Amino acid sequence: MRGFKLFRPATLDEAVALLPGGRGPAEPHDARPLAGGQDLLTELKDHLVEPDALVDLTGLHELEALEVGDALRIGALCKVAALEHQPTLRAHWTVLAEAAASVASPQIRSQATVGGNLCQRPRCWYYRNEAAPCIKKGGSECFAESGMNKYNAILGGGPSYIVHPSDLAPALVCLDATVTVSGARGPRSLPLEEFFTLPTEGSIVRENVLKANELLLSLDVPSLGAGWTSTYLKARERGSYDFALASCALAVKLEGERIAAARLVLGGVAPIPWRCPDAEAFLAGKPNTPETWAAAAALATKGAEPLEHNGYKVHLAQGLVQKALRRLAGQEPTHAGGAR
Ligand SMILES: Cc1cc2nc3c(=O)[nH]c(=O)nc-3n(C[C@H](O)[C@H](O)[C@H](O)COP(=O)(O)OP(=O)(O)OC[C@H]3O[C@@H](n4cnc5c(N)ncnc54)[C@H](O)[C@@H]3O)c2cc1C
C-alpha cells in the first residue's frame with residue numbers, strides 16, 4: 001500500500017475543504033473520503049486507487065443519525081447494521097431492513113456505513129485486478145464484455161458491464177429516497193434514483209453524480225403509506241455472505257384481491273439499481289395472481305441483453321420478482337429457503 005496522509009476533520013466544512021479543489025490549508029492533490037473503510041482499504045491494498053490523503057469522516061458525528069418517525073432520515077455515517085435491528089424500520093420500511101440484513105457479514109455490517117455502501121466501487125473481477133487496465137480504471141476496454149462475464153450486467157451495460165454492488169441502493173430507490181450531497185454552493189438534494197449513473201452518463205470511472213470534492217451527507221426516506229408492504233429478495237452463490245447475483249426490491253399496495261400500485265427495482269443486474277417502470281405500470285390494478293406475477297417478471301427484464309455467460313440472470317431475476325410478489329401476497333413464508 002502506498003503511504004498517505006490521514007486527516008481527521010471535526011466539521012463538515014473542514015472535511016470538504018480537504019477534498020480536491022476544496023482549497024483547504026493543506027489541500028492534497030488526491031484526497032478520498034474514508035468512512036468504515038470496508039471497501040476503500042481493500043482498494044488501497046490492491047493498488048486500485050493510490051490517493052495522497054484520506055479524509056476520515058468518522059469525526060463528523062452529525063452524520064451518524066438514524067431518525068425514525070413518519071419518515072426516515074439516515075446519516076451517511078449510520079452503520080448498515082443499525083438498519084436491520086430498528087423495530088419500526090423493520091415494520092414500515094421492511095425492504096430496507098431486509099436489504100441491510102443481506103449485506104455481507106455481521107462484522108462488516110457493524111463497520112460499514114450507509115454512505116460508503118452506496119458509494120462503494122464495482123466488484124467486477126477485471127476492475128479488482130490491478131493488472132487489468134479496464135475501462136473503469138481509465139483504460140479503453142471492458143474485458144468483461146467478451147471475457148468471464150458470469151457476474152456482469154444484463155441490462156444497461158456498455159461500454160462498461162459492471163453491476164452496482166450495493167444491496168441498500170435498490171431498496172432505497174424502491175422507497176423513493178432522496179439523497180443530500182455537499183455541493184460547491186452548499187448542500188443539494190436529488191432523488192436517489194438520479195444519483196446513480198450509467199456508464200454512458202457522466203464519467204465512466206464513477207458510478208454516481210458525486211464530484212471528487214463532494215460528500216454524500218444523508219438520505220430522506222418517505223413512508224410507503226397505508227396499505228403498502230415491501231420486501232427484498234437476493235440470490236447469491238454463497239449462502240453465508242455474498243454479493244447479489246440478482247436481487248429484487250419490491251413494494252406493493254394491495255386493495256382486496258388486486259394490486260393497486262407497485263414499485264420494483266432490480267439489483268445485481270445493471271450498473272445502476274434498475275427500476276422497472278413497465279412492470280410497475282402493468283401491475284397497477286391487476287389481479288394478484290400467478291399469471292400477473294409471471295407477466296410482470298417478464299416485463300421487469302425487458303430489454304435484457306445477456307453476455308455469453310450470464311443469460312441465467314434473466315431467469316434468476318424473473319424468478320425473484322415472482323417470488324417477491326408471491327411473498328407479498330401472503331403465499332410465501334418469510335425467509336423460505338433459497339433466495340432471501
Ligand atoms: C467481504 C465483503 C462482502 C461484502 N458483501 C456485500 C454485500 O453483500 N452487499 C453489499 O451491499 N455490500 C457488500 N460489501 C460491501 C460493503 O457493504 C461496503 O464495502 C461498505 O458498505 C462500504 O462502507 P464503508 O463505510 O466501509 O465505506 P468505505 O470503504 O470507507 O468507502 C467506500 C467508498 O465510498 C466513498 N465514501 C464513503 N463515504 C462517503 C461519503 N459520505 N461521501 C462520499 N463518498 C464516500 C469512499 O471514498 C470509498 O470510495 C461487502 C464487502 C466485503 C469486504
Side-chain angles (χ1 to χ4, degrees), residues 4 6-7 9 12 15-16 18-20 22 30-46 48-51 53-60 62-65 74-84 96 98-123 127-128 136 151 163-172 179-183 187 195-196 205-219 232 234-247 249 267-268 273 339-340:
F4 54 84
L6 179 64
F7 292 99
L12 181 58
V16 171
L18 287 161
L19 293 171
D30 179 18
R32 303 279 173 127
L34 171 69
Q38 298 300 299
D39 186 26
L40 185 55
L41 295 183
T42 309
E43 287 221 302
L44 294 175
K45 287 186 216 161
D46 290 346
L48 302 178
V49 292
E50 300 201 304
L54 299 186
V55 180
D56 182 356
L57 305 180
T58 57
L60 310 181
E62 70 268 32
L63 300 186
E64 290 171 357
I74 307 170
L77 292 180
C78 172
K79 297 286 169 56
V80 173
L83 303 180
E84 53 178 315
L96 180 57
E98 290 181 352
S102 83
V103 170
S105 63
Q107 292 88 343
I108 291 170
R109 295 199 292 277
S110 73
Q111 295 302 308
T113 65
V114 173
N117 184 272
L118 296 176
C119 296
Q120 63 175 298
R121 303 305 315 279
R123 286 280 154 179
Y127 171 77
R128 293 279 162 174
K136 289 297 289 182
Y151 301 111
V163 295
H164 202 284
S166 166
D167 284 302
L168 300 186
L172 286 162
V179 63
T180 299
V181 305
S182 69
F195 175 78
F196 299 103
V205 296
R206 301 186 74 90
E207 293 79 47
N208 56 57
V209 300
L210 279 184
K211 299 189 176 64
N213 60 356
E214 292 183 330
L215 292 173
L216 190 159
L217 301 180
S218 61
L219 293 137
Y232 186 75
K234 169 175 173 178
R236 52 190 164 193
E237 239 173 13
R238 182 171 47 181
S240 55
Y241 66 93
D242 212 341
F243 291 89
L245 295 169
S247 69
R340 310 177 43 161

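Counting starts at 1 for both ligands and their atoms, in listed order. Quantities reported herein were computed from a predicted structural model and do not represent experimental measurements.
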*Number the atoms of ligand 1 from 1 as they appear, then name those within less than 4.0 Å of a heavy atom of Gly37, with their elements.*
24 (P), 26 (O), 27 (O), 28 (P), 29 (O), 30 (O)

*Could you tell me whether Pro165 approaches ligand 1 through its side chain, its backbone, both or neither, with non-hydrogen atoms closer than 4.0 Å?*
backbone

*At what distance is the nearest protein heavy atom to atom 37 (C) of ligand 1, and which residue and atom is it?*
Gly116 CA, 3.6 Å

*Going by the order shown, which atoms of ligand 1 are within less than 4.0 Å of some heavy atom of Ala112?*
20 (C), 21 (O), 23 (O), 25 (O), 26 (O)

*Could you find the nearest protein heavy atom to atom 34 (O) of ligand 1 and give me its residue, atom name and distance?*
Cys119 CB, 3.2 Å

*Any donor and acceptor pair, going by atom type alone, linking the side chain of Asp39 with main-chain N or O of Arg121 inside 3.5 Å?*
yes

*Which of the atoms of ligand 1 are close to Thr113, meaning less than 4.0 Å from one of its heavy atoms?*
21 (O), 23 (O), 24 (P), 25 (O)

*Spell out, as yes or no, whether a donor-acceptor pair under 3.5 Å connects the side chain of Asn208 to the backbone of Leu210.*
yes

*atom 38 (N) of ligand 1: the protein heavy-atom neighbour that sits closest, reported with distance to 0.1 Å*: Ala35 CB, 3.6 Å

*Would you mind running through ligand 1 and noting each atom that sits below 4.0 Å from a heavy atom of Gly36?*
24 (P), 25 (O), 26 (O), 27 (O), 30 (O)

_Nearest protein heavy atom with distance in Å, relative to atom 9 (N) of ligand 1_ = Asp167 OD2, 2.6 Å

*May I ask you to identify the nearest protein heavy atom to atom 19 (O) of ligand 1, giving residue, atom name and distance to one decimal place in Å?*
Asp39 CB, 3.3 Å

*Relative to ligand 1, is Leu57 under 4.0 angstrom through side chain, backbone, both or neither, heavy atoms considered?*
side chain

*Quick one: which ligand 1 atoms are inside 4.0 Å of a heavy atom on Leu210?*
43 (C)

*Please report the closest heavy-atom contact between Phe4 and Pro51, naming both atoms and the distance.*
CB-O, 3.7 Å

*asked:* For Lys234, which part has a heavy atom under 4.0 Å from ligand 1: side chain, backbone, both, or neither?
replied: side chain

_Over all atoms of both residues, closest heavy-atom pair of Ala35 and Thr113_ = CB-OG1, 3.4 Å

_Could you report the tightest heavy-atom contact between Arg238 and Asp242, atom names first, then the distance?_
N-OD2, 3.1 Å

*Between Val114, Leu34, Leu40, which one has a non-hydrogen atom sitting closest to atom 48 (C) of ligand 1?*
Leu40

*May I ask you to decide if Tyr241's main-chain N or O and Arg236's side chain share a donor-acceptor pair within less than 3.5 Å?*
no

*Looking only at protein heavy atoms, identify the closest one to atom 26 (O) of ligand 1 and say how far it is in Å.*
Gln38 N, 2.7 Å

*Show the numbers, then the answer: is there a side-chain contact (heavy atoms from CB on, under 4.5 Å) between Leu44 and Val49?*
CA-CA 6 Å; Leu44 294 175; Val49 292; 3.9 Å; yes

*Between Ile108 and ligand 1, find which residue part has any heavy-atom pair under 4.0 Å and reply side chain, backbone, both or neither.*
side chain

*Of the side chain and backbone of Ala76, name the one, both, or neither that has a heavy atom under 4.0 Å from an atom of ligand 1.*
side chain

_Before you tell me yes or no, could you show the steps for Glu214 and Ser182 under side-chain contact (heavy atoms from CB on, under 4.5 Å), namely the whole-Å CA-CA distance, both residues' side-chain angles and the distance that decides it to 0.1 Å?_
CA-CA 5 Å; Glu214 292 183 330; Ser182 69; 4.2 Å; yes

*What is the minimum heavy-atom distance between Gly267 and Pro170, and which atoms define it?*
CA-CG, 3.8 Å

*Can you tell me the protein heavy atom closest to atom 13 (C) of ligand 1 and the distance?*
Phe243 CE2, 3.2 Å

*Taking only heavy atoms of Ser166, which atoms of ligand 1 are found under 4.0 Å from at least one of them?*
11 (O)

*Please could you name the atoms of ligand 1 that Asp242 approaches to less than 4.0 Å, counting only its heavy atoms?*
8 (O)

*Is the cationic atom of Arg123 (NZ for Lys, CZ for Arg) positioned less than 6.0 Å from the six-membered ring centroid of Tyr127 and within 45 degrees of its normal?*
no

*Check Leu60 against Leu77 and note the closest heavy-atom contact, atom names and distance.*
O-CD1, 3.5 Å

*Counting each atom of ligand 1 from 1 as listed, which ones have a heavy atom of Asn117 under 4.0 Å away?*
10 (C), 11 (O), 12 (N), 17 (O), 21 (O), 22 (C), 23 (O)

*Please name the pair of heavy atoms, one in Val80 and one in Val114, separated by the smallest distance, quoted to 0.1 Å.*
CG2-N, 4.2 Å

*Is there a donor-acceptor contact under 3.5 Å from the side chain of Lys234 to the main chain of Asp167?*
no

*Has ligand 1 got any nitrogen or oxygen that is less than 3.5 angstrom from a nitrogen or oxygen of Leu168?*
no

*State whether the side chain of Arg128 and the backbone N or O of Pro122 hold a donor-acceptor pair below 3.5 Å, judged by distance alone.*
yes

*asked:* Donor-acceptor check, side chain of Gln38 to backbone of Ala112, threshold 3.5 angstrom: yes or no?
replied: no

*asked:* Just to confirm my output: which protein heavy-atom neighbour is closest to atom 7 (C) of ligand 1, and how far is it?
replied: Ala104 N, 3.3 Å

_Evaluate Gln120 for polar contact with ligand 1, using N/O atom pairs at a separation under 3.5 Å._
yes

*Are any of the N/O atoms in Leu216 less than 3.5 Å from those in ligand 1?*
yes

